[in-house]
Amino acid sequence: MRVTALSGGVGGARFLRGLLAHLDRTPALADSTVTIIGNTGDDITLFGLRVCPDLDTVLYTLGRGVHEGQGWGRADEGYAVHAELSALGVPPDWFSLGDKDFGTHIARSLWLGQGHSLSEVTARLARRWGLPDRGVTLLPMTDVPVETHVVVDEGGGPQAVHFQEWWVRMRAAVPAQRFVVAGMDRATAAPGVLDAIRTADVVLLPPSNPVVSIGIILGVPGVRDALRGTRAPVVGVSPLVSGRPVRGHADACLAAIGVSATSSAVAALYADFLGGWLVDDADADAAMPSGVTSRARPLLMTDISAAADIAGAALDLGVELARS
Ligand code: FO1
């Protein structure tokens, strides 16, 4: 089975780890392939290095190197380099980069500087994490540098800050007036992205942030049209349970775009291409947009096995929709 998935950071990566576990334990799906279209709106240049948080979170999580408690960054990490940068008075100190993580950013920045595309760089990093051997391809949504910025007003009038400063330093506690994706006007889908949507057997939307992760990927020219036009069923997983995000600040992001924090409202954001929608048992009676088939089940990814069950249920719904 050819599976294509859009993904943000922590929630998406954990879902995808569950998907791989489900494929590994299902003989009929043994030679399936998974193509992941990763969000690059979170990307930021720090200390002269290009950092791609959502791509790295997918790589580290699927590559079994992620700091499990955080969901991002590396396990068994030291912070000597960042500490020295702080001692040298080089900002920022609010975004903590570990020593091994710096290795990723140095290599990526070196290769980008040599003229390699972000797609090529991501493929090299994916090889280091053994993804090709498992039939997994990670594509950045675009090779054009883009950055999500957030318009906030801390009292001195509206100003735009980088998404990471809003998400990490402000903890999304300052209301976002709107999101602006710098560079998106020049963005084109990265090689293979639109094809992966068009030729998939099933397209999955993990429980990533619908505004600043999935929503950003949908803003890449051609992606939404490809999702509308693909013969593959598109099945999503609600990122909200009883109106609350399982983690992160999806509710603050939805409020910023005037959308209520319910699984139905999120499904409505995708209604022009969505075929199936998994909701938690707590939202079993959620009203669905016309044309969307929902299924209720526990959606908390408490461990890899639970994530595998959720991913399996999403695939099963996709197969069911493909048959009908
Ligand atoms: N998140 C935090 O809350 N605090 C951090 O200091 C932080 C550092 C960081 C470094 C590398 C990286 O790949 C991710 C990092 N994150 C941190 C998570 C990041 O802000 C989020 O994973 C996404 O960008 C939002 O989906």
Side-chain angles (χ1 to χ4, degrees), residues 6-17 36-63 65-79 81-83 85-86 90-109 118 121-122 125-126 128-129 138 140-141 145-150 161-174 176 179 181-182 205-217 239 245-254 256 301:
L6 280 57
S7 181
V10 180
R14 284 182 170 158
F15 172 86
L16 291 166
R17 183 170 60 182
I36 303 162
I37 300 168
N39 172 42
T40 60
D42 290 10
D43 295 3
I44 183 170
T45 298
L46 292 173
F47 312 114
L49 302 172
R50 195 65 177 161
V51 180
C52 302
D54 281 0
L55 298 181
D56 293 346
T57 295
V58 171
L59 290 169
Y60 294 164
T61 302
L62 300 189
V66 74
H67 184 296
E68 192 61 37
Q70 288 175 174
W72 48 267
R74 291 285 299 275
D76 310 321
E77 185 63 285
Y79 293 87
V81 174
H82 195 202
L85 286 163
S86 298
V90 182
D93 58 5
W94 47 265
F95 195 81
S96 69
L97 288 180
D99 299 334
K100 290 187 275 189
D101 201 24
F102 264 109
T104 300
H105 312 315
I106 293 167
R108 172 165 42 229
S109 304
L118 184 58
V121 169
T122 305
L125 295 172
R128 180 260 185 269
W129 290 103
L138 174 59
M141 66 188 198
V146 294
E147 290 186 358
T148 301
H149 290 186
V150 188
V161 298
H162 189 283
F163 168 79
Q164 293 298 347
E165 182 162 3
W166 180 68
W167 188 267
V168 177
R169 188 173 68 76
M170 303 178 178
R171 302 196 186 294
V174 178
F179 299 102
V181 188
L205 299 185
S208 292
N209 188 305
V211 181
V212 294
S213 296
I214 301 290
I216 302 300
I217 301 171
V246 176
R247 61 168 282 122
H249 314 292
D251 45 352
C253 296
L254 287 162
M301 299 187 284

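We count ligands from 1, going down the list as the structure has it; atoms in each ligand are counted the same way.
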May I ask you to identify the nearest protein heavy atom to [atom], giving residue, atom name and distance to one decimal place in Å?
atom                    : answer
atom 4 (N) of ligand 1  : V168 CG1, 3.4 Å
atom 19 (C) of ligand 1 : Q164 OE1, 3.7 Å
atom 6 (O) of ligand 1  : S96 N, 3.0 Å
atom 21 (C) of ligand 1 : W167 NE1, 4.1 Å
atom 12 (C) of ligand 1 : P53 CB, 4.0 Å

Between [X] and [Y], does the ring centroid distance fall short of 6.0 Å?
X    : Y    : result
F47  : H105 : no
F179 : W166 : yes
Y60  : W72  : no

Taking [Y]'s backbone N and O only, do any of them form a donor-acceptor pair with [X]'s side chain (distance below 3.5 Å, no angle check)?
X    : Y   : answer
Q164 : D42 : yes
H67  : Q70 : yes
K100 : G65 : no

Just heavy atoms, cut-off under 4.0 Å: does N209 contact ligand 1 by side chain, backbone, both, or neither?
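Under 4.0 Å from ligand 1, N209 contributes no heavy atoms.
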Counting heavy atoms only, name the option from F163, F95, W166 that's nearest to atom 9 (C) of ligand 1.
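Nearest heavy atom to atom 9 (C) of ligand 1 lies in F95.
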From the options W94, Y60, W72, select the one whose nearest heavy atom is closest to atom 8 (C) of ligand 1.
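Answer by nearest heavy atom: W72.
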Look only at interatomic distance and state if [X] has a nitrogen or oxygen under 3.5 Å from any nitrogen or oxygen of ligand 1.
X    : value
D101 : no
T57  : no
D42  : yes

Just jot down the ligand 1 atoms closer than 4.0 angstrom to any heavy atom of D54, in number order.
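In order of numbering, the contacting atoms are 23 (C), 24 (O), 26 (O).
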Could you list which atoms of ligand 1 come closer than 4.0 Å to a heavy atom of L97?
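Numbered from 1, ligand 1 contributes 10 (C), 11 (C).
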Answer yes or no: is there an ion pair linking E68 with R74, defined by an N-O contact shorter than 4.0 Å?
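Here E68 does not pair with R74 in a salt bridge, since their nearest N and O are not under 4.0 Å apart.
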Note, L16 side chain near S7 side chain (heavy atom, < 4.5 Å)
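Touching, per the 4.5 Å side-chain cut-off.
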Distance alone, cut at 3.5 Å: any donor-acceptor contact between the side chains of R50 and T45?
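A pair is found: one side chain offers a donor N or O, the other an acceptor, under 3.5 Å apart.
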